[in-house]
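Here the structure comes first, spelled out in structure tokens, and everything after it is commentary.
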Amino acid sequence: MAENSNELMDKLTALCKRRGFIFQSSEIYGGINGFWDYGPLGVELKRNIKDAWWTDIVRKRDDMVGLDCSIIMNPKVWEASGHVSGFADPMVDCKQCKGRFRADKLYFFYLQTPESSAKIKELRQKVASSNLPVLEGEISVQVDHIMRGGVSLSWTIEADASIEKLSMAGDMIQTIQSIAKEKNVGDLKKINLSELRNYSSDYSEITIEGKSGKIYVITVMGYKRAKDMNPLVCPKCLAQNSLTEPRQFNLMLETSLGALQDSSSKAYLRPETAQGIFCNFKNVLDTQRIKLPFGIAQVGKSFRNEINPRNYTFRSREFEQMEIEFFCHPSEADKWYEYWRDVRYNWYITHGLRSSKLRLRNHEKDELAHYARACADIEYEFPFGISELEGVANRTDFDLSQHAKFSGKDMSYFDDEAWEAEKDKYTPDKFGGDAKLAKEAADKAKNAMPFRFTPFVIEPSGGVDRATLAFLCEAYCEDTAPDENGKPQARTVMKFHPRLAPIKLAVFPLVKKEGMPEIARKIYDDAKAAGLAAFYDEKGAVGRRYRRQDEAGTPFCVTVDGQTIQDQTVTIRDRDSLKQERIPAGQVVEFVKKRIG
RNA sequence: GCGGGCGUAAUUCAGUGGUAGAAUGCCAGCUUCCCAAGCUGGACGUCGGCGGUUCGAAUCCGCUCGCCCGCUCCA
């Protein structure tokens, strides 16, 4: 599987280079890590994906509008969004094994008897006095979940203040159980680690009562707490006290504005297009006569200073996003979240990603970012692994509230219609004829739910380059087609959905004589005039020309032959089935247009 | 960021100190009435880059850049 996958990626990258889909950026200078260029075929494919998205998301709907924001924004935007402070990963290195870990995803587990080390007692006291939650009760270890969450676990058993056994996450269940047996703890109840993780960023403990009545405590500590423990164990190599202090890696790409480069000139290349949308929420609302629920769509470049770009174009430092921010009433957010998740998932299937390779993964509660109430990833099974194409999140009113707070501008929405329907409840006669009282009550009601509120946001955020790569992977196909002697020969074909294919139509004269080139040329010109991406080729054997188009993923090839001269019909060949059908030359453009959607 | 592998024509690769190679592709022409491997001819390489060793480096050494794999990472 792994070997085949690599082989497939190698073949695909070679084809992309050879046929002009994707080139390495600055190739003649040795390239640059994390940046890629799209060649003539690649740019058509990518543009078709963006156009299909824009058409389906904006043009065909009446609850969506578009936007195109600047890449560089006032740096305060990124303070409000949390990217300047939060878009950074504290990393811890192990001096022993050179392993690198995210400090905020490291957890240290200690099993202790209540009378064990003073340090833990001290910590527990601190926790008690600081009102931090102390978790007690059910314990279950869901190893799959831990691994998928990318959490590194260090399982340290501390009994009588001396280390007896260490183990990694994969062995945790067995370890806990064997230790429990050894220590005569008896049957361990289940530890629910998804619950644990909510607490373990700081400190939590679970109490287990053994058969003998002896009490054992499992302590879970995040790095911040655990760093004072002795020993502190590397989760990978289990070396003691070998971890460095955390270092910050900020993923924001910086630049500077103006001639002088000092701290006041610092600016950032946006890491997502979303913030431009939030900043323009009021502008759109005030100028478009649009009402909730509605969404704003944007396609554009974003930049992240990835520590380690990998997997061809999948994780690039410069990439393009297709983002929607859909604003709705908080009470309807759940409904719209599910709606968009399904719409976006199905969009990929409609455009040719097989559902067997596409999956929708709902995030566990503990996996959610602090601002999100729900999140689902639309994932594709790439040859190098299952990875995210698009994320759909319910971001609540977090973003608008943040910008309201940081900018001092009102970001609330007033529902005129709802108020119109309700305002009769606040007429003076409802308040014993007291107009003043009625107005006060009306003003109070008006400026609160359900009439005035900060909208919730549903964000479907997709990667254009990731989608392009997925469509490329999905399209790549090796099958067999008969040669001129009817013998099956290997054929490489890119089976793009016709709507996405870079070239829609190729036109050939069967032979380069007897007036065929002229007729073919005319069909080609008509196709170009009609806006179809078409290609004309009269050189060499027709079979070779078909095969070339197969590699480019052209869905239809029209051939002018001897019969055309008699009755003005041509053959049109289907890329996937290789079947040909005769149609009048004048209907070629219409035929293709009908099939590319 | 660590470890491993690799970098020679557009692509896939051979070439282990002595004149830069093959196949495919590409171009021109011929042939060809329908699916690449028929014929003839042709173009194409600062051997990733820089430095060192050597009479001489694609080949050995150092550094560097890039790609791939594993780990790590992916608010």
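What's counted below: heavy atoms across the whole structure, side chains too, no hydrogens, waters or symmetry copies. So you know, we letter chains A, B, ... as the sequences are listed, proteins then strands, and number each from 1. The model shown is predicted, which means the values in this text are computed figures rather than measured ones.
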With the side chain defined as heavy atoms from C-beta on, A/Thr571 is closest, among B/U12, B/C71, B/C34, to B/C34
Of the listed B/C35, B/G1, B/C27, the closest approach to the A/Arg548 side chain comes from B/C27
Spell out yes or no: do the side chain of A/Glu514 and the base of B/C33 have one donor N/O and one acceptor N/O closer than 3.5 Å? yes
| query | So what does A/Glu551 hit on the nucleic acid, given a heavy-atom distance under 4.0 Å: a base, only sugar-phosphate, or nothing? | reply | base
Ranking A/Asp561 and A/Asn33 by the position along RNA chain B of their nearest nucleotide, the one closer to 5' is A/Asp561
message = Can you say whether a donor on the side chain of A/Asn308 sits under 3.5 Å from an acceptor on the base of B/G1, or the other way round?
response = yes
Q) Could one point to a donor on the side chain of A/Tyr546 or the base of B/C34 with an acceptor on the other under 3.5 Å away? A) yes
*A/Asp465 and A/Tyr38: side-chain donor and acceptor closer than 3.5 Å?*
yes
Any donor-acceptor pair under 3.5 Å joining the side chain of A/Arg19 to the base of B/G25?
no
Regarding the side chain of A/Leu510, the nearest nucleotide among B/C67, B/C33, B/U11 is B/C33
**Item:** Test item: A/Tyr380 and A/Glu474 side chains (from C-beta on) under 4.5 Å apart, heavy atoms
**Value:** yes
Scanning all shown strands, the Watson-Crick or wobble mate of B/G66 with both distances under 3.5 Å is B/C6
**Message:** Does A/Glu388 reach a base, just sugar-phosphate, or nothing at all? Heavy atoms under 4.0 Å.
**Reply:** nothing
For B/C60, the nucleotide meeting Watson-Crick or G-U wobble distances (both under 3.5 Å) is B/G52
Side chains of A/Met9 and A/Cys473 in contact at under 4.5 Å (non-hydrogen atoms): yes
- Assign A/Arg573 to base, sugar-phosphate, or nothing according to its heavy-atom contacts below 4.0 angstrom with the strands shown. base
Check: How is A/Glu27 classified with respect to the nucleic acid when contacts are heavy atoms under 4.0 Å: base, sugar-phosphate, or nothing?
Finding: nothing
Check: Can we call the ring centroids of A/Tyr337 and A/Phe456 under 6.0 Å apart?
Finding: no
Work out how far the P atom of B/G25 is from that of B/U19, and round it to whole angstrom. 30 Å
Picking from B/C67, B/C2, B/A36, the nucleotide nearest the side-chain atoms of A/Arg544 would be B/A36
